[in-house]
Amino acid sequence: MKKTAVVTAGTGGIGLETALGLAAAGLAVTVIGRDAERGAKAVERINATGPVHPARFLSADLASLDQVRTLARTIAVEHAASGEPLTVLVNNVGAMFAERQTRDGVEASFVVNHLSPYLLTELLLPTLTAGAPSRIVNVTSGAVAVAKRAFDAVEPPGGYYGFHWYGRAKLANLAYTLDLADRLDGTGVSVFAADPGGAATDMTNGTMTDPKIVSPALRLLWPLVRRTFERSTSGPASAAAKPSIMAATDETLTGRTGIVIGAQAHPVAPHRAAADPCVAEAIRRLSERHAPLAPA
């Protein structure tokens with residue numbers, strides 16, 4: 001039976017390289033993005049490699065929770081009608097903002113980097129379970145190390161600094177990933193986190209060049225911080241996609257779950273805060289409050 005994969009933000013950068021890797025592994029890949037032109041080019045590039053199954057594009061603005069719900073319904077209905085399993089879901093979407101923004105009335109970094117993949121995953125769980133054995137891969141980041149661990153509210157106390165708030169949203173999603181792995185243990189749905197490390201992408205070449213993204217203390221050291229960013233994000237997106245591809249396809253991971261695949265494409269220990277049950281519980285409450293499975 002045909003195996004299928006969905007890759008969010010799959011029209012460029014690490015997401016497109018992930019989609020190429022999954023197509024090469026024999027999966028029928030659907031890439032998700034908000035730009036139809038980029039989507040068409042991504043599908044053309046994937047199909048030019050001669051995959052077993054042609055790729056396709058679905059349009060959705062993953063910063064909109066309503067559009068995430070619509071996307072999930074579309075995917076679920078299609079798989080129910082075709083009888084084909086949803087084998088892999090890769091939540092690759094991510095974004096960092098130099099200035100504070102909101103989506104659906106919630107701070108945008110938290111929406112894009114956590115609530116959106118959380119909601120899509122939860123809505124597709126029946127489809128993924130019906131297609132088991134299946135895998136969920138959530139893309140994480142080393143930025144979790146600079147995150148505030150306060151999750152009583154969507155926004156942490158203090159000023160807005162894009163890199164730190166991005167790290168906090170990624171920490172929330174990593175904690176959710178590990179918690180979800182425990183919840184789904186024994187269902188045939190395996191859950192992994194994949195850390196791509198650094199790569200030259202639109203985000204690293206754009207937002208991460210703005211000193212406003214870091215706290216005032218680090219801003220004083222901006223030349224050093226900027227050089228550190230440049231060194232850590234100079235690699236190709238194809239290398240950064242390897243952890244996600246491994247998490248989605250590697251046979252040695254069959255039957256395993258709750259594993260973080262590091263930037264060198266091998267399992268690593270999760271960040272300590274992400275494995276804290278108190279953090280996981282706080283994230284669960286925030287997620288259910290701000291991204292309900294059914295709109296109010």
Side-chain angles (χ1 to χ4, degrees), residues 5-11 13-15 18-19 22 30-34 58-76 86 88-97 103-104 106-128 134-141 143-144 147 151 154 165-181 183-184 189-196 201 203 241 243-244 247-248 257-258 260-261 270-271 274 279-280 283-293:
V6 170
V7 181
T8 66
T11 62
I14 297 170
T18 300
L22 298 184
T30 297
V31 293
I32 311 298
R34 61 185 177 184
L58 285 179
S59 177
D61 181 354
L62 297 167
S64 165
L65 297 183
D66 283 343
Q67 291 197 36
V68 170
R69 292 185 182 94
T70 299
L71 173 66
R73 283 196 298 271
T74 297
I75 294 171
L86 176 55
V88 174
L89 170 63
V90 181
N91 286 304
N92 171 76
V93 67
M96 186 187 304
F97 304 94
R103 299 288 189 275
D104 296 321
V106 181
E107 189 274 318
S109 184
F110 201 79
V111 172
V112 176
N113 296 294
H114 173 59
L115 292 181
S116 172
Y118 156 81
L119 183 59
L120 183 61
T121 300
E122 291 291 327
L123 291 173
L124 287 178
L125 281 184
T127 305
L128 286 157
S134 54
R135 300 187 188 189
I136 298 165
V137 181
N138 289 334
V139 176
T140 187
S141 168
V144 299
F151 291 104
V154 169
W165 286 44
Y166 167 81
R168 178 176 175 272
K170 283 294 190 181
L171 175 58
N173 195 249
L174 180 56
Y176 164 68
T177 301
L178 299 178
D179 186 49
L180 181 65
R183 176 155 57 103
L184 297 181
V189 182
S190 296
V191 186
F192 303 98
D195 182 358
T201 64
M203 185 175 77
S244 291
T257 193
V260 179
I261 306 300
H271 192 273
V279 171
I283 296 304
R284 192 180 305 120
R285 290 196 300 268
L286 273 182
S287 304
E288 292 172 352
R289 184 183 316 142
H290 294 284
L293 302 190

TODO: Look at the rings of Phe110 and Phe151 and say which category their plane angle falls in: under 30° parallel, 30 to 60° tilted, over 60° perpendicular.
DONE: tilted
Task: Closest contact, heavy atoms only, Val31 versus Gly10 - done: CG1-O, 3.5 Å
Open item on the list: Side chains of Arg103 and Asp61, heavy atoms from C-beta outward: is any pair under 4.5 Å?
Closed with: no
TODO: Give, for atom CZ of Arg135 and atom OG of Ser244, the distance between the pair rounded to the nearest 0.5 Å.
DONE: 12.5 Å
Task: Close side-chain approach of Ile32 to Val93, heavy-atom, < 4.5 Å - done: no
TODO: Check whether any side-chain heavy atom of Asn113 sits under 4.5 Å from a side-chain heavy atom of Asn173, and report yes or no.
DONE: no
Task: Least distance between heavy atoms, Trp165 atom then Ser109 atom - done: O-OG, 3.7 Å
Task: Interatomic spacing from OH in Tyr118 to CG in Leu123 - rounded to 0.5 Å - done: 8.5 Å
Open item on the list: Check whether Arg168 reaches the backbone of Ala143 with its side chain - one donor and one acceptor, N or O, closer than 3.5 Å.
Closed with: no
Task: CG on Leu178 to CG on Leu174, rounded to 0.5 Å - done: 5.0 Å
Open item on the list: Does either side chain, that of Arg284 or that of Ser287, offer a donor lying less than 3.5 Å from an acceptor on the other one?
Closed with: no
Open item on the list: Measuring only between side-chain heavy atoms, which start at C-beta, is Leu62 closer than 4.5 Å to Val112?
Closed with: no
Task: Nearest-0.5 Å distance, OG1 of residue Thr177 to NE2 of residue His114 - done: 8.5 Å
Task: Separation of Phe192 CZ from Ile136 CD1 (nearest 0.5 Å) - done: 10.0 Å
Task: Note, Arg73 side chain near Thr70 side chain (heavy atom, < 4.5 Å) - done: yes
- [ ] Measure the shortest side-chain to side-chain distance between Leu180 and Glu122 over non-hydrogen atoms and say whether it is less than 4.5 angstrom.
- [x] yes
Task: Stepwise side chain to side chain contact (heavy atoms under 4.5 Å, CB included) test for Ile75 and Leu58 - done: CA-CA 9 Å; Ile75 294 171; Leu58 285 179; 4.1 Å; yes
Open item on the list: Please determine whether side chain to side chain contact (heavy atoms under 4.5 Å, CB included) holds for the pair His271 and Asp195, giving the CA-CA distance in whole Å, both sets of side-chain angles, and the decisive distance to 0.1 Å.
Closed with: CA-CA 11 Å; His271 192 273; Asp195 182 358; over 6 Å; no
Task: Flag side-chain contact, heavy atom, 4.5 Å: Gln67 against Leu71 - done: no
Open item on the list: Is there a side-chain contact between Val154 and Leu286 in this structure, where contact means two heavy atoms from C-beta onward sitting under 4.5 Å apart?
Closed with: yes
- [ ] Classify the side-chain pair Thr121/Asn91 by whether it contains a donor and acceptor separated by less than 3.5 Å.
- [x] yes
Task: Whether Ser134 side chain and Leu128 backbone form a donor-acceptor pair below 3.5 Å - done: yes
Open item on the list: Between Leu184 and Thr257, is the side chain to side chain contact (heavy atoms under 4.5 Å, CB included) condition met? List the steps.
Closed with: CA-CA 9 Å; Leu184 297 181; Thr257 193; over 6 Å; no
Task: Distance-minimising heavy-atom pair for Thr140 and Ala193 - done: CG2-CB, 4.3 Å
Open item on the list: Could you report the tightest heavy-atom contact between Pro196 and Val139, atom names first, then the distance?
Closed with: CD-CG1, 3.7 Å
- [ ] Give a yes or no on whether the backbone of Ala175 and the side-chain of Asp179 come within a donor-acceptor separation of less than 3.5 Å.
- [x] no
Task: Leu124 versus Ala72, closest heavy-atom pair with distance - done: CD2-O, 3.6 Å
Open item on the list: Nearest 0.5 Å, please: how far is CG in Leu125 from CG in Leu86?
Closed with: 10.5 Å
- [ ] Give the minimum heavy-atom separation between Ala5 and Leu22, together with the two atoms involved.
- [x] CB-CD1, 3.8 Å
TODO: Give the C-alpha distance, both sets of side-chain angles, the deciding distance and a yes or no for side chain to side chain contact (heavy atoms under 4.5 Å, CB included) between His290 and Val111.
DONE: CA-CA 9 Å; His290 294 284; Val111 172; over 6 Å; no
